[in-house]
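Worksheet for the structure shown next.
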Amino acid sequence: MQNAGIAALRLNWRYLAFDVHPDHLRAAINGAKAMKFIGLNLTVPHKLLALRMVDELDPSAKTWGAVNTIRFEAPDPQGRWQPLVEFADEVPDEMRAVGFNTDADAVARALREDLGTELRNASVLLLGAGGAGRVAALKLASEAVGRLFLVNRTMKKAEQIADAIRQRFPRQEVAVGYPQTQVDLVINATSLGLKPEDALPVDEKHFSLRRARAVYDLIYRPAETSLMKAAKAAGCRTANGVGMLLHQGAKALEIWSGKSPPIEVMRGALEEAINDSMTSDPVPTRYD
Ligand code: ATR
């Protein structure tokens, strides 16, 4: 996805994957900075750790409490920090790392585009209270959804997110537990569905999918998860996590390049990569 986007923008860059132990994250960020990388993406468990390892936090990283994108910057002749894309020739040795978060906006955009869900005033049941669930819950509250129901195997974690929402968005109606009524949207932010033996993330004794209008699964491989199949059978609109993966990446490319990202090119490459991987390596995967 990123290399297709980079090529379409005619940038002489390469996007590479590195497996970094959390104990070496600081060294890896500093190493990338010393080698004058354009930027980095980070995934679990690095997103929280990186908050303390960058030189500057963009408001997006402060607001959502996690860093999934880093941009390296250097001072221009006037001493103003600029992204490295702005330097045609020599990049000064003095550099800084700025942390951003593109996950929260991506989930809201994917819900709107892929399910046509208007978030404002929508009632939402959110399953899962890990890192992804937390960002999704806070973003939904910031979008002023109607009623927000949080469910998690470890209820205490859902309570903690509900408390954080009550503090930051005092007008948001938020409850821990299954709703008794219909909801506009169910979101699966748990990892249930990644293993073949997994139960559905929603407990049908407490909540029938017939009471939901739309279901979003953060899992994107396989393209149709067991939850999506069950939701379709119950008459819901469904979408998988590809849109979230796409939009967080497209926004990162915009942050690094300062250019409008070629979203459809990136979507095509992403879908092709997922399809190809289904034959060679059909391991269920979720955006995290
Ligand atoms: P991430 O940061 O990517 O969201 P995570 O922190 O590992 O990942 O969160 C995984 C989510 O899936 C959590 O909500 C987790 O529930 P717990 O908070 O109780 O651990 C949920 N989850 C994982 N395995 C589960 C299982 N077997 N049954 C129910 N929920 C499960």
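Counting starts at 1 for both ligands and their atoms, in listed order.
Partner of Leu140 under the side chain to side chain contact (heavy atoms under 4.5 Å, CB included) criterion, chosen from Leu111, Leu150, Val107: Leu111. Under the side chain to side chain contact (heavy atoms under 4.5 Å, CB included) test applied with Thr102, the options Asn41, Thr69, Asp58, Val67 reduce to a single match, Thr69.
In the hydrophobic cluster analysis, where Ile, Leu, Val, Met, Phe, Trp and Tyr join through side-chain heavy atoms closer than 4.5 angstrom, Leu42 is grouped together with Leu51.
Assignment of Arg286 to the shell around ligand 1 is supported, since a heavy atom sits closer than 4.0 Å.
Some N or O of Ser191 is nearer than 3.5 Å to an N or O of ligand 1, by distance alone. Residue Ala189 places no N or O, backbone or side chain, under 3.5 Å from any N or O of ligand 1.
Within ligand 1, counting atoms from 1 as listed, the ones closer than 4.0 Å to a heavy atom of Lys157 are 17 (P), 18 (O), 20 (O). Of all atoms in ligand 1, numbered sequentially from 1 with element shown, those under 4.0 Å from a heavy atom of Gly128 are 14 (O).
Contact check on Lys156 versus Glu159 returns no salt bridge, with no Lys/Arg side-chain nitrogen under 4.0 Å from an Asp/Glu carboxylate oxygen. With salt bridges taken as basic N to acidic carboxylate O contacts below 4.0 Å, one links Glu143 and Arg112. Ion pairing between a basic and an acidic side chain is recognised when a charged N comes within 4.0 Å of a carboxylate O; Arg109 and Asp114 show no such pairing.
Contacts of Asn152 with ligand 1, taken as heavy-atom pairs under 4.0 Å, involve the side chain alone. Counting heavy atoms closer than 4.0 Å to ligand 1, residue Ala132 contributes atoms from both its backbone and its side chain. Here Arg153 has heavy atoms under 4.0 Å from ligand 1 in both its backbone and its side chain. At a heavy-atom cutoff of 4.0 Å, ligand 1 is contacted by the side chain of Leu192 but not by its backbone.
Leu49 meets the side chain to side chain contact (heavy atoms under 4.5 Å, CB included) test with Pro22, Leu25, His46, Arg52, Met53; sequence neighbours excluded.
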Under the criterion side-chain contact (heavy atoms from CB on, under 4.5 Å), I'd like the reasoning laid out for Trp256 against Gln2: C-alpha separation, chi angles, the key distance, then a yes or no. CA-CA 11 Å; Trp256 298 320; Gln2 290 293 0; 4.0 Å; yes

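Protein non-hydrogen atoms do not reach within 4.0 Å of atom 7 (O) of ligand 1.
Between Phe207 and Tyr178, the ring-plane angle classifies as parallel under the 30° and 60° cut-offs.
Looking only at heavy atoms of the protein, atom 19 (O) of ligand 1 is closest to Thr154 OG1, 2.4 Å. Nearest to atom 2 (O) of ligand 1 among the protein's heavy atoms is Gly131 N, 2.8 Å. Looking from atom 11 (C) of ligand 1 to the surrounding protein, the closest heavy atom is Thr190 CA, 3.7 Å. With hydrogens left out, the protein atom closest to atom 5 (P) of ligand 1 is Gly130 CA, 4.0 Å, a heavy atom.
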